[in-house]
Structure formats: C-alpha cells, structure tokens
Colleague: 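Here's a structure for you.
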There are 2 protein chains.
Amino acid sequence: MEHRIEKIKKQLQSQSYKLTPQREATVLVLLEHEEDHLSAEDVYLLVKEKAPEIGLATVYRTLELLNELEVVDKINFGDGVSRYDLRKEGANHFHHHLVCMECGAVDEIQEDLLGDVESIVERDFQFKIKDHRLTFHGVCHRCQTEDTAAASETEETEYSSK
Amino acid sequence: MEHRIEKIKKQLQSQSYKLTPQREATVLVLLEHEEDHLSAEDVYLLVKEKAPEIGLATVYRTLELLNELEVVDKINFGDGVSRYDLRKEGANHFHHHLVCMECGAVDEIQEDLLGDVESIVERDFQFKIKDHRLTFHGVCHRCQTEDTAAASETEETEYSSK
DNA sequence: GTTGGTGCAAAGAATTTGCATGCTT
DNA sequence: AAGCATGCAAATTCTTTGCACCAAC
C-alpha cells in the first residue's frame, strides 16, 4: 500500500502537483475500498473520518485530478451518480463489472475478455480503441439461489444466512 | 414506421397507458433520429417543433415510461447527461457503441460481439446475464485521418465533461 | 511574495415532483 | 364524475465555480 501511495505521489509530482494531506487521505480511502465503487459523497464521508476539515469540493477536485492521471476511472452505472474505481496496478485494461439487478451488488471481472472483440472492432470499423466500458446487468449467484428458494416456498431448508 | 408506432401503442395500452399526442410526438422524434443518441433536452427541442406546447417534464416522464416498457434504453456516456436509444426491432441484445474521444461522434455496432464472452461469464461467475453495456472509447476513422493530415493543429472539439 | 490548494458558499445543470387544470371515458 | 396526463414552476440532487485565505517553496 505504501508502495502504491509512493507511486501516485511521484506521478503527481512529475506533473508538478502536490500530494497534500487531503489528497493523501483521499487516495488512502480509495485504496482501502478498492473493491467498492464509491461515489464522491461516499468518499467524502470516509475521508472526513481521517481529515474532518476536508470539503466536498476538494474531494471532487481530487477525484477529477486522479481521473486525469488515470489513477482512477470514473464510471456510471446509470443510477445518477458517478463512481470512482481505482485502476489495478499493472492493469492495461479497464476491468468489467457485473451489476445485480436484484440486490444491486457490483462485482468485478479482472480478466480481459475483450481482446478478440477489440481486434475485430479495430479492423472492421477502423476505430482506434483507447479504453472500454463493459457492464453486464443480470442476477448474481446469491440472488439466483435465494430466488429459487423463495419460489418453491414449501418447507425449504434454510441455509445459514450470510 | 406506422407499424412501429402501432406496436408501441399496443404495448402502452396493454398496461393501460395511453398514446397521447405528446407521447406520440416523442416516439416519432425517436424514430426519426434512430441513429442519434439524443438527450432529454434534445428530444424536447425536437418534439417542440411538432407540438410546441409540450413541457420538458412531460418529455422526461415519457422517456422514463418508454424505458420501463423497454422501448428505449437509457444510456450514459459519462458526459453528465442521459441519452435515449430506441431498441431495434427484433434485437435480442443491446447494441454496442463507439465513442470518439476527439470529435464526440457516437457510432453503433449492431452485431452481437459478446456471445462467447457471455457464455464464459455465465459459467465462471454463475451470473445470469440479462443485458449488457459495451462502449469503446477511442478515435474514429475520420479523426485518425484528420490527425495525420493536420498533426500540429490546436482544434479540440467538445466531449470532455464540463 | 508568487503559486497552487483548500474550504465555504453560491451557482449551475440535469432531473424530479407538487399541484392546479385539462382530456377522455 | 373519476382518473390519468400535462404544463409550469419549485424543489432536489449532483457537481462545479468564485473567492478569500493558507501553506509551501
């Protein structure tokens, strides 16, 4: 984790930006919640625990900066807010998402599944791909099993609830 | 086109909604601009030409209704506004998009390129896929040729989020 | 002492909602 | 008359901006 902060710090400094305490706190929050997909407001509330005096505008400004530096990706699942997702180290592609339409859970797929598809698109459409967004909407494994359990609502044996 | 309006009308009526003049005008605009990716404001301005008394709120309400009926898909390219895309007739998958980072043009890919990928995802992640969103960000053919022609220009069209 | 960064409040933009009125049945 | 649908304006929500102040080089 130290290592990643250092790396980001260098990245900032190379473009003559500073890693201020507020920016550091924001990056820390993102690192600690790498699997989540936090909105700016979410980040703000979490950063406030470390640095109570921070303002929401600073969080927005920091997230925008990190987005420009390609440290985070700004994503949108269609619920009206932007969410910020830390880029994985060494990832040369943006990961994919699975959004459950029932419980709202968002899982990530790290593998690159689009290699072949991108070759086809670049060739057939003469479009130079720089980035992609792939999100599947459907029903996650957890909700599928719950659904079948509820659907056959006879005396189904209850598993331990999470 | 008549045919498609009729179909949508039936779809509305089957759920006891009415095809009011405002709704009809809105659907017509969507049909006439099937290749575009209009924002609510865009639709509003175009509908106003047919039905000048319409209000923006009605357009929003109509688009939301059409979205629920799966007549249109609501999409978001990360520029802060929702866009509405008419579903193709008989399309059993949501088409893909190519967004040019230079000129902002949005092209569509109708072919389904994700069949194999979806099989893998359903198997490996036990996730039941209902829908998908796939967007490539990059440089379209037009801009690529322009770029090489005028490589030192200082143009820049709008696309970035304000 | 510039310069960049911050906090706060105000402004802006996109979308939603409350409500009185209007159509349709 | 009953109820959905509409237009308008006000309200909400998310995000950006203006500005005075602070800190670091």
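Reminder, nothing fancy here: chain letters follow the sequence lines and each chain counts from 1.
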Colleague: Which protein N or O atoms sit under 3.5 Å from an N or O of nucleotides 21-25 of chain D?
Modeller:
none

Colleague: Just jot down the salt bridge (charged side-chain N to carboxylate O under 4.0 Å, His left out) partners of A:Asp85, sequence neighbours excluded, or say none.
Modeller: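 Result, salt bridge (charged side-chain N to carboxylate O under 4.0 Å, His left out) vs A:Asp85: none returned.
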Colleague: For residues 37-53 of chain B, which residues have at least one heavy atom under 4.0 Å from DNA chain D?
Modeller: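 Under 4.0 Å from DNA chain D: B:Glu53.
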Colleague: Between B:Gln15 (CD) and D:dG3 (P), how many Å, whole number?
Modeller: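 Rounded to whole Å, this separation is 20 Å.
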Colleague: Let me know the distance between CD of B:Gln13 and C1' of D:dA5, rounded to the nearest Å.
Modeller: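 Whole-Å distance recorded here is 15 Å.
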Colleague: How many Å lie between CD on B:Gln22 and C1' on C:dT21, as a whole number?
Modeller: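 Going from B:Gln22 (CD) to C:dT21 (C1'), I get 13 Å.
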Colleague: In chain order, what residues pass the side-chain contact (heavy atoms from CB on, under 4.5 Å) check against B:Glu34, with sequence neighbours excluded?
Modeller: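 side-chain contact (heavy atoms from CB on, under 4.5 Å) list for B:Glu34, sorted by chain: B:Arg4, B:Leu86, B:Lys88.
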Colleague: Sequence neighbours left out, what passes side-chain contact (heavy atoms from CB on, under 4.5 Å) with B:Asn67? Give chain and number order.
Modeller: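 For B:Asn67 the side-chain contact (heavy atoms from CB on, under 4.5 Å) partners, ignoring immediate neighbours, are B:Val72, B:Lys74.
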Colleague: Within this structure, what is the CG-to-C1' distance between B:Asn67 and C:dT16, rounded to whole angstrom?
Modeller: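 To the nearest whole Å, that distance equals 15 Å.
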Colleague: Who passes side chain to side chain donor-acceptor pair (under 3.5 Å) against B:Gln11, sequence neighbours left out?
Modeller: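 Residues passing side chain to side chain donor-acceptor pair (under 3.5 Å) with B:Gln11: none at all.
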Colleague: Tell me: CZ of B:Arg23 to P of C:dC23, nearest whole Å?
Modeller: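 Going from CZ in B:Arg23 over to P in C:dC23 covers 16 Å.
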Colleague: Atom CG of residue position B:Asp124 - does it have more than 12 heavy atoms of other residues, nucleotides or ligands inside 6.0 Å?
Modeller: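 Above 12, so yes.
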Colleague: Could you tell me how far apart A:Glu24 (CD) and C:dT6 (P) are, to the nearest whole angstrom?
Modeller: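 It is 12 Å, rounded to the nearest whole Å.
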Colleague: In residues 56-63 of chain B, which residues come under 4.0 Å of DNA chain D by heavy atom?
Modeller: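 Heavy-atom cutoff 4.0 Å gives B:Ala57, B:Thr58, B:Arg61.
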Colleague: Please list, chain by chain and in numerical order, all residues satisfying side-chain contact (heavy atoms from CB on, under 4.5 Å) with A:Gln15, sequence neighbours excluded.
Modeller: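 Once residues adjacent in sequence are excluded, the partners of A:Gln15 under the side-chain contact (heavy atoms from CB on, under 4.5 Å) criterion are A:Tyr17, A:Leu69.
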Colleague: Taking only N and O in the side chain of A:Thr20, is any of them less than 4.0 Å away from OP1 or OP2 of C:dT6?
Modeller: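 A:Thr20 to C:dT6 OP1/OP2: side-chain N or O found under 4.0 Å.
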Colleague: State whether B:Ser82 places a side-chain N or O below 4.0 Å from either non-bridging phosphate oxygen (OP1 or OP2) of C:dA14.
Modeller: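 Indeed not, no polar side-chain atom of B:Ser82 lies that close.
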Colleague: Got a sec, which residues hit salt bridge (charged side-chain N to carboxylate O under 4.0 Å, His left out) with A:Asp107, two or more places apart in sequence or on another chain?
Modeller: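 In terms of salt bridge (charged side-chain N to carboxylate O under 4.0 Å, His left out), with neighbours along the sequence ignored, A:Asp107 is linked to A:Arg142.
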Colleague: Among all residues two or more places apart in sequence or in another chain, which pass the side-chain contact (heavy atoms from CB on, under 4.5 Å) test with A:Gln126?
Modeller: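 For A:Gln126 the side-chain contact (heavy atoms from CB on, under 4.5 Å) partners, ignoring immediate neighbours, are B:His141.
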Colleague: Would you please name every residue forming a side chain to side chain donor-acceptor pair (under 3.5 Å) with A:Asp131, sequence neighbours left out?
Modeller: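 Here the qualifying residues are A:Arg133.
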Colleague: Enumerate donor-acceptor pairs with a distance under 3.5 Å from any side-chain N or O in residues 44-61 of chain B to protein atoms, sequence neighbours excluded.
Modeller:
residue, atom, partner, partner atom, Å
B:Tyr44, OH, B:Lys48, NZ, 3.2
B:Lys48, NZ, B:Pro52, O, 3.0
B:Lys50, NZ, B:Glu32, OE1, 3.2
B:Lys50, NZ, B:Glu32, OE2, 3.1

Colleague: For the pair made of CG in B:Asp79 and C1' in D:dT15, what is the distance, rounded to whole Å?
Modeller: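 Computing the B:Asp79:CG to D:dT15:C1' distance gives 14 Å.
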Colleague: About how many Å separate CG of A:Leu38 and OG of A:Ser82, when rounded to the nearest 0.5 Å?
Modeller: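 Separation between the atoms: 13.0 Å.
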Colleague: Could you tell me the separation between the OH atom of B:Tyr17 and the P atom of C:dT25, rounded to a whole number of Å?
Modeller: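 The answer, rounded to whole Å, is 18 Å.
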